[in-house]
Each structure stands twice: as C-alpha cells, then as structure tokens.
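Ligands are counted one by one from 1 in listed order, and the atoms in each one are counted from 1 as well.
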Amino acid sequence: MSGDVLRDALERIDGRPYGHYRDLRGRDFELGPLCLRFDHVQGDPFAAPSRVRVDAPPGVAALPAPLRATADARRAAADLVQRQVRAALEGVRPGAGSGKSGLLEIARPGQEVLERTGARLDADGALRLRLSVGLPAAGRRILGRAAADLLCDRLRETLLSALRSLDPAALAAHVACVEDQIALRAALGPAGLVAFVAAGSHLPRRSGADDRPLAGALPLELGGVEAVELEAPHAGVLRGLGIPRGVTLIVGGGYHGKSTLLQALALGVYDHVPGDGRERCVADPALVGVRAEDGRSVRGVDLRPFIGALPLGRSTRAFDSDDASGSTSQAASIIEALEVGATGLLIDEDTAATNFMIRDARMRRLVPGAEEPITPFIDRARELWERRGVSSVLVVGGAGDYLDVADVVLRMRDYQPLDVTARAREVAAELPLGEAAPRPADPWPAAPPRVPLPGGLDPSHGRRPERVRGQSTRSIEFGREEIDVSALYQLADPAQVRAVGDALLELSRGLCDGRLALPQLLDAIDALIDHEGLDTICRGGHGDRARPRRFEIAAALDRLRSLRVAPGGD
Ligand code: ADP
Ligand code: MG
C-alpha cells in the first residue's frame with residue numbers, strides 16, 4: 001500500500017539520533033496518489049525546518065484545462081492553490097515534540113500574484129508543492145511514529161482534501177483577475193499610457209508593515225479627470241485614471257494621497273489578488289522607482305548626464321563611491337535603471353535629493369554654472385522623454401519649477417485626482433522662471449553598459465563556498481557582505497528578495513564571465529527562469545522564493561560593495 005515505504009522507513013528510525021532522518025534525503029516516497037521527497041533534512045529539531053517537495057499528478061487537483069492553458073493562468077492558479085494549501089495546513093495540529101517538531105507549512109504569499117516556488121502548476125495539470133516540515137523529535141531522538149503520523153496521515157489527508165476541494169469558481173475568478181491585469185498592462189502602450197488606475201480602486205495600505213487594503217479608504221473617483229477607457233477580457237470596458245507617457249506631475253497638499261498613488265503605480269508592475277484594491281491598477285512593467293539613498297556604493301557608473309566634472313577636474317565617466325551623497329546616489333540609480341531597460345521613472349519629492357531635482361533662480365545666479373557639476377533632473381526630464389522615450393512620474397509638492405516641464409499635472413485633493421494641467425500652464429505663464437527656466441542640458445553622453453567582473457562576486461563565507469540569503473525586504477547577505485536593498489520599494493515580497501540573492505549566486509557561478517554586459521546577464525537570468533522555471537536559479541528545494549524583476553536584481557548587484565566592473569565596449 002502506498003505510504004508504507006515511508007511509514008516503515010520512519011518507524012525503523014524511531015528512537016534513533018536525529019541525524020538518521022538524513023537517510024530519507026533524495027528518495028521518492030509514494031503517498032497515496034502523491035509523491036513526497038525530502039530535498040533538505042534539518043540537522044536537529046531546532047534548525048531551519050526540512051524542505052519537502054510534494055508532487056500531485058494531473059487529475060488530483062481539479063484544475064480545468066482553461067485554467068492552465070497559458071503560463072500566466074498557471075501562475076495565477078498555482079498562486080491560489082498555495083494560499084488554499086496554506087490555509088488548510090494552518091488547521092493541522094502540530095503534535096508534541098521539541099523545537100520545530102510537527103511544523104507543516106507552505107510559504108505565505110503576499111498581495112502579489114507572482115511566480116513562486118511554493119506551488120507550481122504544469123500544463124498537464126501536475127502540481128508541485130514545496131513545504132517546510134519540522135521532523136518530530138523528543139530532545140534529539142527521532143519520534144518516528146509521530147513523523148509517520150504527521151506525513152503519511154495528516155499531511156497526506158490535508159493536502160488531498162485541499163486539492164480535491166478547490167473551488168472552481170474561486171479559481172476561475174483568480175485566474176480571470178490576473179488575466180485582466182495582464183491585458184490592461186498590455187493595453188497601456190497602444191493607449192499612450194504608462195499606468196492606469198480603474199475607478200473604484202482602493203490604493204492605501206494598512207501600514208508600511210501590512211500590505212493589505214486600508215479599511216474604510218475612499219475609492220478612487222474620476223470626477224476631476226477625463227476618464228480613460230481600457231478593455232479587459234473578463235471585466236469588459238473599464239474607466240479609469242490614465243497616466244500618459246511623457247512627464248507627469250502629481251501635485252497637491254501634504255497628506256492628500258500623492259505618495260499613496262505613486263506607490264500604487266510602483267507596485268502596478270505586478271498582478272494583485274482579487275480584493276486587494278489594486279487589482280485594476282496597472283503600470284508599465286519597466287517603470288522603476290528611484291530615490292536618494294546616501295551612503296550606498298556606486299561602481300563605474302557614467303554619471304555625466306547628471307554630474308559633470310567634479311572639483312579639481314575629477315571625471316565622472318566611470319564613477320566609484322563607497323559613500324555616495326543623496327544627489328549622487330539618485331543620479332546613479334537613474335543611470336543604472338536606464339542601463340537595464342527602464343522605460344519610465346517614478347520619483348517622490350519626499351525621498352529625492354533637492355539639489356538633484358531643481359536649482360532655483362537665486363542659486364543659479366549666486367553660484368556660476370561652471371562651478372556646479374550637477375545638472376538637475378528638471379533640466380533632463382524633457383530630453384529623457386523626447387529623445388530617449390523615458391517617461392517620468394513625479395510627486396512634487398514644493399518645486400513649482402516643474403510646471404514648466406510637465407505634459408500633465410494631476411492634483412490630489414482629498415485622495416482624488418484632478419487634472420489641473422490647464423491651470424498649471426496659466427500659473428507657469430503668470431510666474432515665469434526667467435533665468436531659472438529649465439534649460440536643455442548638453443547632449444546626453446551615452447556610455448555603453450558596464451561589464452561586471454567575476455572577481456567581484458564572491459559568495460563564500462569562512463569555510464562555506466556559498467552563503468547567500470535574503471532578510472525580509474531590507475537586505476541580502478552575500479558571502480561576507482550585506483547588500484542594503486531597503487530603498488528598492490518595488491521588491492514587494494521577502495520571497496523576491498531571497499530570489500534576488502539566488503540570482504546573484506547564479507551570476508557568480510559562471511554566468512558573470514567578465515565579457516557579458518549587465519543587460520545581457522539579466523537577459524540570461526530571465527531566459528533561464530522563462531524556459532526552465534524559477535527552480536533553476538532557486539536551487540535546493542526552497543519553497544519560499546518568488547520571481548523578481550530584472551531591475552531589482554540589477555539594483556541589488558549595483559549595491560554590492562565588492563562589485564567590480566569594466567567599462568562596456570562597443
Ligand atoms: P501625501 O504624499 O500627499 O502627503 P500620502 O499618500 O502619504 O499623502 O497619504 C496620507 C495619508 O492618507 C496616508 O496615511 C494614507 O494611508 C492615507 N490615504 C491615502 N489615500 C487614501 C484614501 N483613498 N482613503 C483614505 N486614506 C487615504
Ligand atoms: Mg508624500
């Protein structure tokens with residue numbers, strides 16, 4: 001009978017030292033129609049739990065063919081499966097034992113529907129789940145019978161009942177919701193938009209630490225703007241706020257919802273779960289939010305578009321710093337985002353360096369231009385759009401000079417958008433900037449993309465050849481270094497941060513060869529994930545990984561202090 005081999009194996013090691021659990025590693029065990037395999041076995045009951053993979057062949061879960069017809073549908077369906085399995089496992093009694101004995105868990109997805117290693121659905125309907133299991137022990141002695149009860153009975157029954165009772169209507173709604181977001185995102189370009197927020201969207205979150213919708217928030221209304229219509233395959237024609245390509249300002253008084261809107265656009269690059277409030281708020285997937293981040297490292301970046309020759313003639317053609325200033329860090333982050341293909345920038349005045357954003361009339365008069373290495377962003381915003389096709393969405397509460405460079409000005413009042421473009425033009429004409437008017441800067445110097453050198457990527461730590469791990473959404477330990485990723489606010493989920501760590505490790509394992517430039521390296525990572533799945537870069541059977549964007553992988557690499565680059569050649 002199925003399950004007996006595993007049961008026998010567990011009962012045979014009952015009472016033995018904990019290390020005997022290792023005998024189970026790498027073997028396939030039948031568990032009813034399921035198949036279980038230990039990818040990693042914990043060394044003791046207090047260590048990080050064991051990693052177990054459970055395969056359900058086609059037909060175990062009722063997943064109708066249309067729900068697995070495309071990679072996007074499979075991602076969405078698997079996402080719901082992971083959530084339902086998690087809920088089901090939460091109901092399982094842990095049982096007695098020391099340390100993590102009896103733990104049964106699948107990683108908790110956040111509000112985004114991402115490709116994840118916790119649950120994967122194949123085109124034929126086969127499902128692969130990756131769980132954390134605390135193998136039971138009393139002290140350091142194996143509780144083999146308890147383990148058999150946990151895995152062969154409770155785990156098996158819970159999974160089978162969860163997979164067999166998936167609600168087809170909920171699954172269809174989940175997949176439809178994601179398909180709509182994908183279609184809306186695809187409709188942005190043809191409609192000349194970088195983002196779209198449907199009427200009725202709930203944008204604010206409960207807190208910085210809780211990404212669920214804020215209760216009682218006011219839904220977005222279109223009374224003050226001309227509605228844009230986009231069509232979604234399931235929801236039909238939706239009316240909403242369109243953020244056009246070009247330069248858009250979001251202005252308004254403090255606390256009126258400017259940053260909330262920008263943040264929603266930043267995360268509109270991902271699909272959201274039904275009921276999130278942002279499931280009809282979509283953005284161009286290549287929008288990158290940048291902020292000032294003093295103290296970060298910068299390696300070989302051509303800062304000349306924003307920062308010209310430094311005092312004493314020091315060049316900024318391949319700029320290095322271990323402790324960049326606010327303005328330098330923001331300039332570097334923009335150049336780096338463009339280097340790997342950003343099509344738009346999101347900037348919030350709250351987190352920008354003032355001297356990077358503007359230079360007003362009095363300063364332009366007091367300090368001669370030749371002495372000021374900084375070309376403020378305001379002097380580049382139009383050129384970025386007109387010559388390089390890069391849009392900007394800028395939250396501006398204080399720097400009215402920006403009215404001169406904007407295509408569209410939206411004013412947030414009581415959390416609702418008003419199109420004040422016409423009024424902004426009048427104001428700009430009434431109060432001309434004169435000598436402080438944004439001036440076309442020197443032509444943008446275009447250095448080819450940098451080439452990371454393999455010697456700068458060392459994942460080793462002490463005697464361990466590879467030690468890399470993501471910590472929440474704030475940092476990644478890479479070898480002996482800690483990469484600060486807290487400024488990357490489009491890392492939506494700690495699971496993405498862990499996968500960014502995996503991607504860096506993958507680069508260090510040979511992809512980064514000193515010849516491929518940064519964009520090519522990211523193409524290679526994306527191709528690996530597209531063709532072979534996230535498991536290819538997230539090795540070791542981890543179920544707590546989610547796919548990051550190329551921009552965040554690049555940004556993490558850019559913040560690695562040991563990074564060394566050669567200038568690109570072409
Ligand atoms: P600003 O950037 O204009 O100063 P924020 O976007 O930070 O304003 O918003 C200020 C506060 O208002 C935040 O606490 C936010 O959660 C809340 N808020 C934003 N949008 C809404 C809304 N639609 N309904 C209710 N509260 C909101
Ligand atoms: Mg704000």
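- Close approach to T260 involves these atoms of ligand 1, each under 4.0 Å from a residue heavy atom: 5 (P), 6 (O), 9 (O), 15 (C), 19 (C), 20 (N).
- The closest approach between any non-hydrogen atom of G254 and ligand 1 is below 4.0 Å.
- Within D350, the N/O/S atom positioned nearest the Mg ion (ligand 2) carries the name OD2.
- The nearest protein atom to atom 17 (C) of ligand 1, hydrogens excluded, is given as Y415 CE2, 3.9 Å; this is a heavy-atom distance.
- More than 12 non-hydrogen atoms from other residues, nucleotides or ligands lie less than 6.0 angstrom from CZ of R130.
- No donor-acceptor pair under 3.5 Å is formed between the side chain of D348 and the backbone N or O of T351.
- The shortest contact between atom 4 (O) of ligand 1 and any protein heavy atom is with Y255 N, 2.6 Å.
- Here the heavy atom of the protein found nearest to atom 16 (O) of ligand 1 is P204 CB, 3.7 Å.
- Distance screen at 4.0 Å: atom 9 (O) of ligand 1 has a protein heavy-atom neighbour inside the cut-off.
- When the shell of 6.0 Å around CD of E226 is examined, it contains 12 or fewer heavy atoms from other residues, nucleotides or ligands.
- The protein heavy atom nearest to atom 24 (N) of ligand 1 is L218 N, 2.9 Å.
- Listed by number with element, the atoms of ligand 1 under 4.0 Å from a non-hydrogen atom of G253 are 3 (O).
- Using a 4.0 Å cut-off between charged nitrogen and carboxylate oxygen, R278 and D211 count as a salt-bridge pair.
- Ion pairing of D407 with R245 is absent here, as no side-chain N (NZ or NE/NH1/NH2) approaches a carboxylate O to less than 4.0 Å.
- Between F377 and F306, the two ring planes are parallel [angle under 30°; tilted spans 30° to 60°].
- Using a 4.0 Å cutoff on heavy atoms, G216 does not count as a contact of ligand 1.
- Between D79 and R116 there is a salt bridge, since at least one side-chain N of the basic residue sits less than 4.0 Å from a carboxylate O of the acidic one.
- In this structure, H256 has a heavy atom closer than 4.0 Å to ligand 1.
- Not one N, O or S atom of E349 sits under 2.8 Å from the Mg ion (ligand 2).
- Heavy-atom neighbours of R317 CZ from other residues, nucleotides or ligands within 6.0 Å: above the threshold of 12.
- Ionic pairing of D210 and R212 is present here: one or more N-O contacts between side-chain nitrogen and carboxylate oxygen are shorter than 4.0 angstrom.
- Near A217, meaning under 4.0 Å from one of its heavy atoms, ligand 1 places the atoms 24 (N), 25 (C).
- Compare G397, S201, P213, S259 by their heavy atoms: the one nearest to atom 2 (O) of ligand 1 is in S259.
- Looking only at distances, a side-chain donor or acceptor of Q82 sits under 3.5 Å from a matching main-chain atom of A119.
- Taking backbone and side chain together, T260 holds no N, O or S atom under 2.8 Å from the Mg ion (ligand 2).
- For atom 13 (C) of ligand 1, no protein heavy-atom neighbour is found at a distance under 4.0 Å.
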